[in-house]
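For reference, the structure is listed below as structure tokens.
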Amino acid sequence: MNPTVSIAVILTVLQAAHCQMIKDLSACLLGQSLRVDCRYENKTSNPLTYEFSITKDNRKHVIHSTISVSENVYRSRANVTMHKNLVCLHLQSFTTSDEGVYMCELKATNDYTGNQIKNITVIKDKLEKCAGFSLLIQNTSWLLLLLLSLPLLQAVDFVSL
């Protein structure tokens with residue numbers, strides 16, 4: 001084998017290794033909804049797949065996933081948003097029957113090192129309310145629109161003087 005090709009293959013394998021790593025998994029209440037934040041470090045531009053599941057009574061239930069099929073009981077109540085280095089599960093109408101061990105599983109396409117998995121135990125009475133700052137992370141479009149329109153509003157005030 002050509003030494004140049006061998007080096008290229010080795011570099012490609014090294015680049016694929018550890019393409020993403022889950023840094024933090026947290027849960028909080030947002031009104032009557034549960035939000036589970038899965039923060040990760042991504043070292044590749046490869047597409048990311050995810051799975052959120054819950055373990056109750058020693059049985060795994062898939063809530064929302066791009067890896068496998070979600071269970072019917074969660075489909076209408078769950079949605080996922082993705083932002084830079086953050087995948088958020090939103091579970092509407094969260095009750096004590098939804099308590100259990102929640103799992104976030106991430107995998108980058110062509111990452112041969114395996115899936116990254118992190119768990120968190122969620123008990124409704126022990127959950128904190130979601131912080132205001134993380135709300136801004138989820139819904140930044142209105143904030144961006146406001147910031148972009150400020151110069152226009154100032155220009156209108158200046159013209160009216």
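Computed over heavy atoms, backbone and side chain alike; hydrogens, waters and symmetry mates excluded.
Applying the 4.5 Å side-chain rule to ILVMFWY residues, one finds that Ile67 remains a lone member of its cluster.
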Begin with the C-alpha distance, continue with both residues' side-chain angles, and end with the deciding distance and a verdict on side-chain contact (heavy atoms from CB on, under 4.5 Å) for Leu34 and Tyr102. CA-CA 11 Å; Leu34 171 70; Tyr102 282 72; 3.6 Å; yes

Test Val36 against Cys104 for side-chain contact (heavy atoms from CB on, under 4.5 Å), laying out the working first. CA-CA 9 Å; Val36 179; Cys104 173; 5.7 Å; no

Evaluate side-chain contact (heavy atoms from CB on, under 4.5 Å) for Ile54 paired with Met103, printing each intermediate quantity in order. CA-CA 6 Å; Ile54 181 174; Met103 180 183 74; over 6 Å; no

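Cluster membership check: Val101 does not share its hydrophobic cluster with Val87, using side-chain heavy-atom separations under 4.5 Å among Ile, Leu, Val, Met, Phe, Trp and Tyr.
A donor-acceptor contact closer than 3.5 angstrom links the side chains of Ser68 and Glu51. A donor-acceptor contact closer than 3.5 angstrom is absent between the side chains of Ser53 and His61. Side-chain atoms of Gln32 and Ser93 form no donor-acceptor pair, as typed in the model, at a separation below 3.5 Å.
For the pair Lys107 and Leu48, the minimum side-chain heavy-atom distance is 4.5 Å or more. Residues Asn119 and Thr121 form no side-chain contact, since every pair of their non-hydrogen atoms from C-beta on lies 4.5 Å or further apart.
Between Arg77 and Asp98 a salt bridge is recorded (basic side-chain N to carboxylate O distance below 4.0 Å).
With rounding to the nearest 0.5 Å, the separation of CG in Leu29 from CZ in Arg35 is 10.5 Å.
Under the 2.5 Å cut-off for SG-SG separation, Cys38 and Cys88 do not qualify: their sulfur atoms lie farther apart than that.
Partners of Ser76 according to the side chain to side chain donor-acceptor pair (under 3.5 Å) rule, which considers only residues two or more places apart in sequence or in another chain, do not exist here.
The minimum heavy-atom distance linking Ser65 with Ser70 is given by the pair N-OG, 3.4 Å.
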